[in-house]
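See structure below.
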Amino acid sequence: MIYRNGIVFKDGRFVKEDFIVEDGVFVEEANSSEETDLCEKHVIPGLIDVHTHGAMGADFSDGDYDGLKEMAAYLAKSGVTAFAPAGMTLPYEVLDKAFRNGKRLHDEMPEGHARLMGINMEGPYFSEKKKGAQNGAYLRNPDFDAFKELFDGCGGLIALADVAPELPGAVEFTEKASKLTTVSIAHTDADYDQAKAVIDAGATHLTHLYNAMPPIHHRKPGVIGAGSENDDVIAELICDGFHVHPASVRMAFKLFPGRICLISDSLRCCGMPEGKYELGGQDIFLKEGEGVARLEDGTIAGSASNVYTCMLNAIEFGIDVETAVIAATLTPARQIGADDRIGSIEPGKFADFVVCDENLNARDVYIGGKKL
């Protein structure tokens with residue numbers, strides 16, 4: 001199929017260009033003369049969320065295959081064509097079940113669903129002080145052998161592994177784990193030196209910047225300072241309009257130029273009505289109009305937005321369109337080691353793309369060249 005007259009996002013900018021899809025991938029030459037006229041609509045790569053826990057009543061950590069498929073179907077319809085679902089601070093056996101369930105979806109790759117391209121191991125190697133909505137009963141010190149067992153059990157699909165730098169063994173864990181996956185600093189009270197030690201050991205990612213970490217202080221630059229000054233470190237950012245103030249969103253893109261990865265951190269309440277839901281054995285509450293889930297004490301637990309909405313929010317907050325699109329497509333693809341298959345409109349990659357209006361509101365979603 002030849003797609004004509006699209007305003008296509010390629011190489012960091014929008015250009016009027018044709019592109020070709022054959023057998024589910026972008027190609028350079030067409031095997032047929034069949035054409036579709038896009039009538040100068042905008043076309044962007046399918047978005048990628050590397051930090052989402054759930055949606056439509058399902059949570060990845062449930063270990064329920066049908067629920068995971070519901071989540072993947074919701075993401076696809078939202079313009080999020082690939083994802084790396086995030087686990088939680090839970091017992092290893094619960095994580096193992098969820099991760100193996102993720103491998104099943106990855107292997108089967110059902111039509112009309114977002115592609116599961118990796119797994120985000122968010123927990124249990126977190127600080128008690130900054131655990132946030134994670135269940136403190138299951139916190140553990142970094143354990144490479146336990147991580148490796150989980151890694152092998154899901155066929156090496158763990159694409160992100162989180163650690164708090166101040167925990168005993170964090171540096172040694174990072175040195176070993178970073179040879180297998182992207183190591184991220186998360187849920188931490190670490191100071192600058194502790195964070196830098198883990199970055200020097202191989203950590204190249206910060207989990208939900210600003211959230212569950214010390215704020216910037218001119219005498220205590222902390223995790224944010226250590227990450228910002230290292231060009232290899234990518235920072236996640238939740239742009240749901242609740243977790244991070246718009247001014248802090250703009251600041252983040254300046255602190256990490258070209259190094260922001262937009263995420264949703266969505267929970268099972270995403271796409272659902274207000275009410276009481278569950279997160280890692282704890283009750284969470286979604287109130288109408290809030291768009292964010294909280295624990296009973298008011299602590300923010302996670303978002304009820306998808307990453308497509310977060311991208312549009314970033315643009316509304318003042319981030320230029322091209323920068324926001326890259327932060328929701330190619331950057332997350334790189335962080336999970338999948339940029340050879342997803343994240344941009346290039347020959348050889350999966351033909352996952354979104355046809356939009358001039359404001360990037362999604363109109364049609366294509367996965368493997370098939371319109372949903």
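Remember, predicted model here, so these are calculated numbers, not experimental data.
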Within the side chain of [X], is there an N or O that forms a donor-acceptor pair under 3.5 Å with the backbone of [Y]?
X	Y	answer
Tyr277	Gly57	no
Ser228	Leu255	yes
Arg140	Pro91	no
Asp240	Phe242	yes
Asn5	Asp37	no
Ser184	His205	yes
Glu236	Leu209	no
Asn135	Thr89	no
Arg259	Val233	yes
Lys179	Glu175	yes

Counting only heavy atoms not in [X], do more than 12 sit closer than 6.0 Å to its [atom1] atom?
X	atom1	value
Glu296	CD	no
Asp11	CG	no
Asp320	CG	yes
Glu29	CD	no

[X] side, atom [atom1]; [Y] side, atom [atom2] - distance, nearest 0.5 Å:
X	Y	atom1	atom2	result
Asp162	Leu206	CG	CG	10.0 Å
Phe173	Asp145	CZ	CG	10.5 Å
Thr309	Asn306	OG1	CG	4.0 Å
Leu237	Asn211	CG	CG	8.5 Å
Tyr308	Thr81	OH	OG1	10.5 Å
Leu95	Met88	CG	CE	10.0 Å

Please assess Ser32 against Glu34 for the test side chain to side chain donor-acceptor pair (under 3.5 Å), listing each intermediate value before the final yes or no.
-> CA-CA 6 Å; Ser32 72; Glu34 191 175 359; 4.7 Å; no
Ser303 vs Ser266, side chain to side chain donor-acceptor pair (under 3.5 Å): CA-CA, chis, key distance, verdict = CA-CA 5 Å; Ser303 90; Ser266 67; 5.3 Å; no
Aromatic plane relationship, His53 with His51 - under 30° parallel, 30 to 60° tilted, over 60° perpendicular | perpendicular
What residue among Thr182, Thr181, Leu160 forms side-chain contact (heavy atoms from CB on, under 4.5 Å) with Ile336?
->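 When side-chain contact (heavy atoms from CB on, under 4.5 Å) is applied between Ile336 and each of Thr182, Thr181, Leu160, only Leu160 qualifies.
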Ile319 and its side-chain contact (heavy atoms from CB on, under 4.5 Å) partner, picked from Val325, Val249, Leu262 =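 Only one of Val325, Val249, Leu262 forms a side-chain contact (heavy atoms from CB on, under 4.5 Å) with Ile319, namely Val249.
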Are side-chain heavy atoms of [X] and [Y] found at a separation under 4.5 Å?
X	Y	value
Lys349	Asp340	no
Val365	Lys371	no
Met56	Met71	no
Tyr192	Lys220	no
Ile342	Asp352	yes
His187	Glu122	yes
Phe9	Glu322	yes
Lys131	Leu139	yes

Is the closest basic N to carboxylate O distance between Glu35 and Arg4 below 4.0 Å?
-> yes
Run the numbers on Ile315 and Leu360 for side chain to side chain contact (heavy atoms under 4.5 Å, CB included), then give the verdict.
-> CA-CA 10 Å; Ile315 295 168; Leu360 296 196; 4.0 Å; yes
Nearest non-hydrogen partners of [X] and [Y], listed with the distance:
X	Y	value
Ile367	Ala76	CD1-CB, 3.6 Å
Ala201	Ser178	O-OG, 3.6 Å
Gly123	Phe126	N-CZ, 3.2 Å
Ala327	Ile260	CB-O, 3.2 Å
Leu372	Gly112	CD2-CA, 3.7 Å
Ala195	Ala226	CB-CB, 3.9 Å

In terms of hydrophobic clusters joined by side-chain contacts under 4.5 Å, are [X] and [Y] together?
X	Y	result
Val292	Val244	no
Val94	Ile119	yes
Leu38	Ile2	no
Tyr210	Ile238	no
Val183	Phe99	yes

Glu358 and His42: CA distance, side-chain angles, deciding distance, side chain to side chain donor-acceptor pair (under 3.5 Å) verdict | CA-CA 6 Å; Glu358 65 275 12; His42 284 59; 5.8 Å; no
Do Arg250's NZ or CZ and the ring of Phe317 fall within the cation-pi criteria of under 6.0 Å and 45°?
->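 Pair Arg250/Phe317 does not count as cation-pi.
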Can Arg104 be said to sit on top of Tyr65's aromatic six-ring, NZ or CZ under 6.0 Å from centre and within 45° of the ring axis?
-> yes
Test log, rule side chain to side chain contact (heavy atoms under 4.5 Å, CB included), inputs Tyr92 and Leu150 = CA-CA 8 Å; Tyr92 287 127; Leu150 290 169; 3.8 Å; yes
Report the C-alpha distance between Ser127 and Asp189 in whole Å, list the side-chain angles of each, state the deciding distance to 0.1 Å, and finish with yes or no for side chain to side chain donor-acceptor pair (under 3.5 Å).
-> CA-CA 7 Å; Ser127 157; Asp189 196 39; 5.8 Å; no
Go through the steps to decide whether Arg13 and Val15 satisfy the test side chain to side chain contact (heavy atoms under 4.5 Å, CB included), and finish with yes or no.
-> CA-CA 6 Å; Arg13 61 194 182 98; Val15 294; 3.2 Å; yes
Between Phe353 and Tyr3, is the ring centre distance below 6.0 Å?
-> yes
Please confirm whether His243 and His208 have ring centers closer than 6.0 angstrom.
->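 So the answer is no for these two rings.
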Is there a side chain to side chain contact (heavy atoms under 4.5 Å, CB included) between Asp143 and Tyr125 once you walk through the steps?
-> CA-CA 8 Å; Asp143 184 337; Tyr125 308 139; 3.9 Å; yes
